[in-house]
Colleague: 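Could you have a look at this structure, given as structure tokens, before my questions?
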Amino acid sequence: MTHVVIVGAGMAGLIAGYSAIKAGHTVTVLEASGRPGGAVQAEHLELPEGVLAVDAGAEAYAARSTVLDELLKDLGLADDIVTPNPAGSWMYLPDVGAVPAPRVGMWGIPGDPTAQEVVAALGVDGAARAAQDLHTPMDLWAKRRAAGAAITVGELVADRFGPVVVERLVAPVVAGVHSADPYDVDIDKIAPGLVDKAIEQGSVAKAIADLRAAAPPGAAVKSVRGGMQQLVNALVTFVQARGQLEYGAKAIALDMETRTVVTETRQRVQGDHIVLAVDAPTVHDLLATSTALPQRAELPAQPALGAGVALVIMAVDCNALDAQPRGTGILVSPNVTDVAAKAATHVTAKWQWARDDAQELKKHRHIVRLSYGRVTDSADGSAPGHDTAEQELLRLARKDLSRMFDVAEEDIGDNLAQVAIIRWRTSMPLTTPENSRRIAGLQEAVQDIDGLHLTGAWFAGTGLAAIAHHSLALSFNPLQ
Ligand SMILES: Cc1cc2nc3c(=O)[nH]c(=O)nc-3n(C[C@H](O)[C@H](O)[C@H](O)COP(=O)(O)OP(=O)(O)OC[C@H]3O[C@@H](n4cnc5c(N)ncnc54)[C@H](O)[C@@H]3O)c2cc1C
């Protein structure tokens with residue numbers, strides 16, 4: 001029998017374990033911490049009336065791929081798949097404040113530059129410039145494509161729609177949701193096929209409108225009733241019933257001669273295949289310990305960690321939020337100076353199950369989740385984020401919630417039932433071009449090593465759907 005040893009019990013490692021077991025192999029999963037799931041985690045808010053579980057990391061998955069639907073079905077969770085409130089989200093922009101986000105778009109790039117929400121967000125002149133995309137030939141981009149040059153989201157959008165569209169519509173989404181600078185993000189990575197379709201159609205907006213119209217009907221994201229932690233629980237039950245899952249088992253060394261993982265407690269776990277489902281800096285550390293790697297001397301420089309994020313999750317009893325004033329939530333432009341958060345999710349407006357759970361405990365109870373820390377922040381710590389002290393985050397969160405949702409600060413402060421602060425550092429890859437090169441270098445260094453596999457957000461692409469796809473595609477054939 002083939003034995004697969006997996007390092008890391010985040011979503012990537014657990015899905016790799018599930019996949020290996022399904023293929024008939026035996027599995028050992030080693031997890032450094034005391035709990036599974038990595039960045040998919042529930043926070044249990046202790047409230048006077050009872051405990052409320054809310055997502056403290058990933059809260060949804062992209063619906064464009066059916067891979068997670070299939071997995072959830074196989075694990076018996078088909079009836080628990082949920083879609084968000086279709087009310088849509090808002091944006092918080094310099095000068096105008098809160099405005100509804102354009103309904104037809106992709107990564108903030110408008111599918112209809114003449115839409116009312118686009119004019120409200122850009123102003124009449126900005127919208128007129130954006131509409132030039134509809135009539136300007138795509139020749140420049142066809143040439144770039146033919147030359148095989150990489151095209152970033154920022155440069156394409158700035159040219160076609162004007163830099164103001166990058167600044168006001170695209171940056172809040174790319175920086176807020178994906179923690180990246182639009183001028184660093186390769187468009188083919190996040191919107192495969194868009195550039196070719198735009199060249200064919202003579203317009204990026206028309207191509208987006210077409211792609212959106214052709215997408216399966218329904219929401220762009222889905223989740224699980226009770227939170228994404230339910231998927232972790234189901235995967236853990238599956239893996240533990242058929243294999244081994246060990247907590248407090250931090251891998252510190254790798255011996256590829258014998259295909260053995262060594263843990264901090266000096267346990268040696270041997271397998272036919274080794275899957276590293278951890279962040280790239282840790283993969284680099286582990287590879288550097290193995291004497292059997294011919295490419296050892298050729299390992300690229302160690303990838304760097306990003307600045308990370310801090311989340312402030314607030315349970316607040318506030319009638320003014322009943323009207324869901326910002327739909328499912330709000331993304332903040334990096335150029336705004338009166339709000340420090342990069343985004344806020346109105347959890348109880350977005351997910352019916354969360355509203356039912358919260359309001360079963362108390363009427364008018366709302367859960368909001370604010371996030372702090374952008375990848376574009378300077379490293380001097382001047383912008384609030386991962387390292388900001390708790391009291392300061394709390395002060396900012398009350399002020400920001402009041403500004404973004406147009407609710408009096410006293411209404412929040414006086415009615416705050418519970419607050420939790422969660423900090424994330426390793427689960428979000430740093431997407432600068434230099435870091436992406438180092439990550440690609442690591443992948444290249446291991447590609448010819450039989451029995452060694454890398455997976456996870458750093459190698460598969462951020463997002464649960466991309467990770468699931470990648471981990472499920474790992475193949476554990478018998479080795480010579
Ligand atoms: C706040 C936040 C919100 C997000 N929201 C979404 C969302 O809504 N939708 C979406 O699709 N994605 C979202 N993401 C991204 C998504 O959650 C992550 O990309 C994904 O969960 C990463 O999974 P992973 O298994 O690659 O890594 P991780 O979740 O980081 O798991 C890695 C695991 O490896 C363990 N480990 C590390 N080192 C060792 C070692 N040496 N030995 C053994 N174990 C080790 C860690 O303890 C951890 O459990 C979000 C991320 C964050 C931080």
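For the numbers below, each heavy atom of this structure counts, side chains included, while hydrogens, waters and symmetry mates do not. Positions are given from 1, in the same order as the sequence printed here. In each ligand, atom 1 is the first atom listed, and ligand 1 is the first ligand listed.
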Colleague: In terms of side-chain heavy atoms, does Asp69 have a donor or acceptor partner in Thr66 at a distance below 3.5 Å?
Modeller: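 Their side chains do not contain a donor-acceptor pair, so the 3.5 Å distance test is not met.
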Colleague: At less than 3.5 Å, what protein N or O atoms come close to the N or O atoms of ligand 1? Include the distances to 0.1 Å.
Modeller:
from: ligand 1; atom 1: 8 (O); to: Glu59; atom 2: N; distance (Å): 3.1
from: ligand 1; atom 1: 8 (O); to: Ala60; atom 2: N; distance (Å): 3.4
from: ligand 1; atom 1: 9 (N); to: Ala60; atom 2: O; distance (Å): 2.7
from: ligand 1; atom 1: 11 (O); to: Ala60; atom 2: O; distance (Å): 3.4
from: ligand 1; atom 1: 11 (O); to: Leu464; atom 2: N; distance (Å): 2.7
from: ligand 1; atom 1: 25 (O); to: Met11; atom 2: N; distance (Å): 3.2
from: ligand 1; atom 1: 25 (O); to: Ala12; atom 2: N; distance (Å): 2.9
from: ligand 1; atom 1: 26 (O); to: Ala457; atom 2: N; distance (Å): 2.8
from: ligand 1; atom 1: 29 (O); to: Ala39; atom 2: N; distance (Å): 2.8
from: ligand 1; atom 1: 30 (O); to: Ser427; atom 2: OG; distance (Å): 3.0
from: ligand 1; atom 1: 41 (N); to: Ala251; atom 2: O; distance (Å): 3.1
from: ligand 1; atom 1: 42 (N); to: Ala251; atom 2: N; distance (Å): 2.9
from: ligand 1; atom 1: 44 (N); to: Ala32; atom 2: N; distance (Å): 3.1
from: ligand 1; atom 1: 47 (O); to: Glu31; atom 2: OE2; distance (Å): 2.6
from: ligand 1; atom 1: 49 (O); to: Glu31; atom 2: OE1; distance (Å): 2.7
from: ligand 1; atom 1: 49 (O); to: Glu31; atom 2: OE2; distance (Å): 3.1

Colleague: Can you name the residues that form a salt bridge (charged side-chain N to carboxylate O under 4.0 Å, His left out) with Asp338, not counting sequence neighbours?
Modeller: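 Partners of Asp338 by the salt bridge (charged side-chain N to carboxylate O under 4.0 Å, His left out) criterion come out as none, since no residue qualifies.
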Colleague: By the salt bridge (charged side-chain N to carboxylate O under 4.0 Å, His left out) test, which pairs, at least two apart or in different chains, include something from residues 424-436?
Modeller: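 For residues 424-436, and leaving out neighbouring residues, the salt bridge (charged side-chain N to carboxylate O under 4.0 Å, His left out) pairs sorted by first residue read Glu434-Arg437, Glu434-Arg438.
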Colleague: Taking the six-membered ring for Trp, are the ring centroids of His453 and Phe476 within less than 6.0 Å of each other?
Modeller: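 Yes, the ring centres sit under 6.0 Å apart.
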Colleague: Indicate whether any N or O donor in one side chain lies under 3.5 Å from an N or O acceptor in the other, for His273 and Asn477.
Modeller: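 There is no such pair (donor and acceptor under 3.5 Å, judged by atom type) between the side chains of His273 and Asn477.
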Colleague: Enumerate, atom names and distances included, each donor-acceptor pair closer than 3.5 Å involving a side-chain atom of residues 1-19, sequence neighbours excluded.
Modeller:
from: His3; atom 1: ND1; to: Thr26; atom 2: O; distance (Å): 3.3
from: His3; atom 1: ND1; to: Thr26; atom 2: OG1; distance (Å): 2.7
from: His3; atom 1: NE2; to: Thr28; atom 2: OG1; distance (Å): 2.9
from: Tyr18; atom 1: OH; to: Asp74; atom 2: OD2; distance (Å): 2.5

